[in-house]
Amino acid sequence: MGVEKMVCLASRTGRQFQRYNKGRRQVVGCVPYRFKLSNDGKISDEVEVLVISSQKGHALMFPKGGWELDESVEEAASRECREEAGVLGNIEHQLGKWDFLSKSRGTYYEGLMFPMLVTEQLEFWPEQHLRQRIWMNVTEAREACRDWWMKEALDVLVERLSSPMNQPKEEKTLSISIETMC
């Protein structure tokens, strides 16, 4: 018997439970990413990231939204990816924190960004009728993304993924020559 996964198809709304730090609304987001599959079905080292359209459709960005009082920062990041982009995955170590001016509100926000290694792309998600989602290579995404601070978060992710610490370890074989005497 298969296990069915239930996904809430409604987005959280309202700002009464939002977190603030020194008067700045705290927003949390993710750079959803995956490793591209090669033609022979093997995982390559080429990274693709998922961008979404703004609700009005005028800009591309990474999923982000308010961090609420009843959730951890990682839970908020995961929720925003599920609601806005329809993806699930593993939230990894924070990419950074940025103070930015909200274009629509004219006030400063504090933005925290995380990488999310995508493990599942949902067929149905809460904001599927409000947003488009597009997988792009890193160069395309950096060019397309509207917000400077999200571009910086993408740069941190790329640097982290290309770090020697994150490269697969090559198997090292030790050959020992044993000479026996007759």
Side-chain angles (χ1 to χ4, degrees), residues 8 10-34 47-119 125-128 130-166:
C8 178
S11 294
R12 286 189 175 195
T13 58
R15 298 206 170 168
Q16 64 271 30
F17 301 112
Q18 297 287 294
R19 290 180 188 251
Y20 289 82
N21 182 21
K22 298 176 186 162
R24 295 180 179 195
R25 181 172 174 239
Q26 292 183 299
V27 296
V28 178
C30 283
V31 179
Y33 76 96
R34 66 184 181 191
V47 174
E48 292 181 311
V49 294
L50 185 66
V51 294
I52 58 170
S53 62
S54 62
Q55 285 190 357
K56 294 178 183 168
H58 301 306
L60 293 175
M61 63 189 65
F62 296 114
K64 64 119 177 77
W67 176 15
E68 299 190 358
L69 296 170
D70 66 342
E71 58 192 353
S72 71
V73 69
E74 293 86 2
E75 288 169 338
S78 184
R79 176 180 50 78
E80 289 299 332
C81 282
R82 184 184 67 253
E83 289 177 357
E84 294 185 353
V87 291
L88 307 176
N90 301 319
I91 301 294
E92 298 171 349
H93 185 69
Q94 183 177 315
L95 296 167
K97 184 182 343 182
W98 290 265
D99 289 329
F100 65 94
L101 183 63
S102 166
K103 288 181 178 29
S104 61
R105 305 241 178 218
T107 59
Y108 279 94
Y109 284 19
E110 179 180 270
L112 296 91
M113 292 294 284
F114 293 83
M116 173 192 264
L117 178 57
V118 174
T119 57
W125 70 98
E127 297 186 18
Q128 68 186 37
L130 301 173
R131 301 179 188 275
Q132 297 293 314
R133 62 181 177 191
I134 308 159
W135 285 100
M136 297 181 167
N137 70 39
V138 170
T139 304
E140 293 168 333
R142 190 172 198 299
E143 191 174 302
C145 187
R146 172 187 69 189
D147 299 313
W148 65 269
W149 63 282
M150 289 187 175
K151 291 179 191 219
E152 284 189 8
L154 177 59
D155 291 345
V156 173
L157 174 62
V158 169
E159 187 176 315
R160 187 180 293 174
L161 292 175
S162 61
S163 161
M165 296 279 298
N166 289 320

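Just so we're clear, the structure is a prediction, and the values are computed from it rather than from any experiment.
Looking only at distances, no side-chain donor or acceptor of Arg133 sits under 3.5 Å from a matching main-chain atom of Ile52. Proximity of a side-chain donor or acceptor of Arg19 to a complementary backbone N or O of Glu68 within less than 3.5 Å is detected. Judged purely by atom type and a 3.5 angstrom limit, Asp147 has no side-chain atom pairing as donor or acceptor with the backbone of Trp149. A donor-acceptor pair is defined here as one N or O able to donate and one able to accept, closer than 3.5 Å; such a pair exists between the side chain of Gln128 and the backbone of Trp125.
In the model, Gln18 has no side-chain atom that pairs as donor or acceptor with a side-chain atom of Gln26 under 3.5 Å.
Scanning for side-chain contact (heavy atoms from CB on, under 4.5 Å) contacts around Val158 gives Val138, Leu154, with sequence neighbours left out. Annotation: side-chain contact (heavy atoms from CB on, under 4.5 Å) contacts of Asp99 (sequence neighbours excluded): Arg24, Glu110.
Scanning both residues, Leu112 and Lys97, for their nearest heavy atoms gives CG-CG, 4.2 Å. Residues Phe114 and Ala77 come closest through the heavy atom pair CD1-CB, 4.1 Å. The minimum heavy-atom distance linking Gly66 with Glu71 is given by the pair O-OE2, 4.0 Å. The minimum heavy-atom distance between Phe62 and Cys30, with the atom names listed, is CB-O, 3.1 Å.
Using a 4.5 Å heavy-atom cutoff, the side chains of Met113 and Trp98 are in contact.
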